[in-house]
Amino acid sequence: MNNDQLIEEMRWQLKQIEDRKAENQRLLAGIAGSNHATVVSPDRSVTVLAGPGGVVSEVRLAPEAMRYDAITLSRTITAAIREAVAAGGRLGAPPAGAPRPAVPARQEPQPQHVPAPQQRRPAPVDDDDPYDTVFDV
C-alpha cells in the first residue's frame, strides 16, 4: 500500500468513527430523555435521574448546593435518590390491572463441595547445625 492509499484508509476509518460517535450520542440522548424519572429536591439544589427498575443514571448538584454543610447535603442527596429510585421502579411496572408475569419459584442454592484444608506437615528438624550466634543458645 502506498502513502495515498494509507491516508484514504485512515480518512475512511475516521469517518466511520465519527458516524458511530454521532449514533451513540443520539442513542444516549434518547435514553436520557425518555423513560426516566427526574426528581428535584425541594430547594432545587439536587436533581436525580433514575431509569426503569430504579437505576440511578445521574445526580446533578446545583452551585447553591455547595453552601450546605456535608451532613445537610448528604441527606438532601440521599432523599432525592430514594425518591428517584422509587419513581424509577414504577417505570417498569405494568399498568394497574395488567396480568403479572409468572415468577419462577425461588430455588435454594445447592451446597458447594468445599475440600477440607490440607494438614501441613511440620518442617523437618535439623539438629546437625552448630550454634553460631547468641540467638541460637
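Worth knowing before you read on, the calculation uses all heavy atoms, side chains too, and leaves out hydrogens, waters and symmetry mates. Fair warning: this is a prediction, and the values are worked out from it, not measured in the lab.
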S.K.: If you compare all heavy atoms of Ala65 against all heavy atoms of Leu61, which two are closest, and at what distance to 0.1 Å?
M.R.: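 Reported closest heavy-atom pair: CB-CB, 4.3 Å.
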S.K.: Does CG belonging to Leu6 count more than 12 external heavy atoms closer than 6.0 Å?
M.R.: yes
S.K.: Mind running side-chain hydrogen bond (donor to acceptor under 3.5 Å, both in side chains) on Glu9 and Gln5 for me, showing each step along the way?
M.R.: CA-CA 6 Å; Glu9 175 68 20; Gln5 291 172 324; over 6 Å; no
S.K.: Using every non-hydrogen atom in the two residues, find where Ala87 and Ala37 come nearest and quote the distance to one decimal.
M.R.: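 In terms of heavy atoms, the two residues are closest at CB-CB, 3.6 Å.
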S.K.: Taking atom CD of Glu83 and atom OG1 of Thr78, what is their separation to the nearest 0.5 Å?
M.R.: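 Between atom CD of Glu83 and atom OG1 of Thr78 there are 13.0 Å.
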S.K.: Heavy atoms, side chains only, cut-off 4.5 Å: are Asp43 and Glu64 in contact?
M.R.: no
S.K.: Is it possible for you to say whether Val55 and Ile77 belong to one hydrophobic cluster, with membership spreading through side-chain heavy-atom contacts below 4.5 Å?
M.R.: no
S.K.: As an exercise, state the distance from CD1 of Ile17 to CD of Gln13, rounded to the nearest 0.5 Å.
M.R.: 6.5 Å
S.K.: Who passes side chain to side chain contact (heavy atoms under 4.5 Å, CB included) against Ile7, sequence neighbours left out?
M.R.: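 By the side chain to side chain contact (heavy atoms under 4.5 Å, CB included) rule, Ile7 matches Arg11.
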S.K.: Tell me the closest heavy-atom pair linking Ala80 and Val48, and the distance in Å.
M.R.: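 Reported closest heavy-atom pair: CB-CG2, 3.7 Å.
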S.K.: Taking all atoms of both residues into account, what is the closest heavy-atom pair of Arg44 and Ala62, and its distance?
M.R.: O-CB, 3.8 Å
S.K.: Just so I know, are the side chains of Thr47 and Val59 near enough to count as touching, which here means a heavy-atom distance under 4.5 Å?
M.R.: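 Contact flag for Thr47/Val59 side chains = no.
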S.K.: Determine, stepwise, if the pair Val40 / Val46 fulfils side-chain contact (heavy atoms from CB on, under 4.5 Å).
M.R.: CA-CA 6 Å; Val40 180; Val46 177; over 6 Å; no
S.K.: Kindly indicate whether the side chain of Leu49, heavy atoms from C-beta on, has any atom under 4.5 Å from the side chain of Arg60.
M.R.: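 Yes, at least one pair of side-chain atoms sits under 4.5 Å.
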S.K.: Side-chain contact test, heavy atoms from C-beta onward, threshold under 4.5 Å: evaluate it for Thr76 versus Ser45 and give yes or no.
M.R.: yes
S.K.: Which heavy atom of Ala84 sits nearest a heavy atom of Ala50, and at what distance?
M.R.: O-CB, 3.2 Å
S.K.: Given the rule that I, L, V, M, F, W and Y join up when any side-chain heavy atoms are under 4.5 Å apart, are Leu14 and Met10 in one cluster?
M.R.: no
S.K.: Going by salt bridge (charged side-chain N to carboxylate O under 4.0 Å, His left out), name the residues that satisfy it together with Asp19, two or more places apart in sequence or in a different chain.
M.R.: Lys15
